[in-house]
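Structure, as C-alpha cells:
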Amino acid sequence: AYTVAIFCDNKILLQHRKHPAFDGVLDATISSHQLMINGQLEDTLTSSMNALQREWDITEKDLLKPLSNLGSIYYKAKDKYSEFFEHEVCDVVVCELKKVKEPNFEFAYGYSVVNTSELRNTSSRLFSQLAPWVKTMVKEKFL
C-alpha cells in the first residue's frame with residue numbers, strides 16, 4: 001500500500017475519505033494500492049502519480065517538485081464501522097503542489113488544509129479523526 005501526502009504552502013491536505021473501509025476518516029491525502037498491470041506490479045511512484053490524477057486531477061505540471069518516497073510504516077487496525085481490517089506495510093509518498101485543487105468527490109467527502117503542527121498534536125480532536133495509518137506516520141515522524 002501507499003499514502004500520498006500532499007503539501008501546499010507548508011500545509012497538508014487531509015482528504016475526508018470516501019471508501020468501504022475506514023469510511024469518513026481523515027487521510028493524508030490519498031491511500032491506495034499498487035496495481036498488477038500485464039502481470040507486473042506498478043512501482044509506488046507510478047501508482048501514486050496515477051492516483052493523484054484520478055483522485056485530485058493532479059499531473060506532474062501541478063507539482064513544485066517530483067514525488068518522493070520517504071520509506072514505509074507498518075500498521076494493523078480494525079475499522080470500527082465495518083468488518084474490514086487493514087494489516088499492511090505502507091509507503092509514505094510526499095509531494096508539494098503549486099496551488100490547492102479540488103478532489104474528485106467520487107473518492108472524498110471533502111478536504112481540509114491544516115498546519116503540520118496541528119496534525120502532530122496527538123492529543124487533539126483532529127488527531128483522533130485521522131486514519132490509523134496516518135497516526136502511525138505522524139508518530140514515526142514521517143509527517
Worksheet entry | Nearest heavy-atom neighbours spanning Ser48 and Val93 | OG-CG2, 3.7 Å
Item to complete: Give me the other members of the hydrophobic cluster that Leu26 sits in, counting Ile, Leu, Val, Met, Phe, Trp and Tyr linked by side-chain heavy atoms under 4.5 Å, directly or via other members.
Response: Phe7, Ile12, Leu14, Phe22, Val25, Leu70, Ile73, Tyr75, Val92, Val94, Val114, Leu119, Leu126, Phe127, Leu130, Trp133, Val134, Met137, Val138, Phe142, Leu143
Worksheet item: Is there a donor-acceptor contact under 3.5 Å from the side chain of Asp9 to the main chain of Lys11?
Response: no
Worksheet item: Taking all atoms of both residues into account, what is the closest heavy-atom pair of Gly110 and Phe105, and its distance?
Response: CA-CE2, 3.9 Å
Worksheet item: Shared ILVMFWY cluster between Ile30 and Leu35, side chains joined below 4.5 angstrom?
Response: no
Worksheet item: Would a hydrophobic clustering, with Ile, Leu, Val, Met, Phe, Trp and Tyr connected at side-chain separations under 4.5 Å, put Leu64 with Leu52?
Response: no
Worksheet item: For Tyr81, does the OH atom sit with more than 12 other heavy atoms under 6.0 Å from it, leaving out its own atoms?
Response: no
Worksheet item: Just wondering, more than 12 heavy atoms not from Glu60 lying within 6.0 Å of its CD?
Response: no
Worksheet entry | Shortest non-hydrogen contact between Ala1 and Gln34, atoms and distance | N-OE1, 3.5 Å
Fill in: Short side-chain to backbone donor-acceptor contact, Thr3 and Ser31, under 3.5 Å
no
Practice prompt. In sequence, state the C-alpha distance, the side-chain angles, and the governing distance for Ile37 and Glu42, and then conclude on side chain to side chain contact (heavy atoms under 4.5 Å, CB included).
Written response: CA-CA 7 Å; Ile37 299 175; Glu42 281 181 306; 3.7 Å; yes
Item to complete: State plainly whether the residues Arg17 and Asp27 are in salt-bridge range, i.e. N to O under 4.0 Å.
Response: yes
Worksheet item: Heavy-atom count around Lys76 NZ within 6.0 Å, excluding the residue itself: above 12?
Response: no
Discussion item. Using the rule given for ring-ring contact (aromatic ring centres under 6.0 Å, His included), can you reason through His19 versus Phe107, listing the C-alpha separation, both sets of side-chain angles and the distance that settles it, and then say yes or no?
Written reply: CA-CA 7 Å; His19 194 277; Phe107 299 95; 8.9 Å; no
Discussion item. Using a strict threshold of under 4.0 Å (side-chain N to carboxylate O), is an ion pair present between Lys18 and Asp23?
Written reply: no
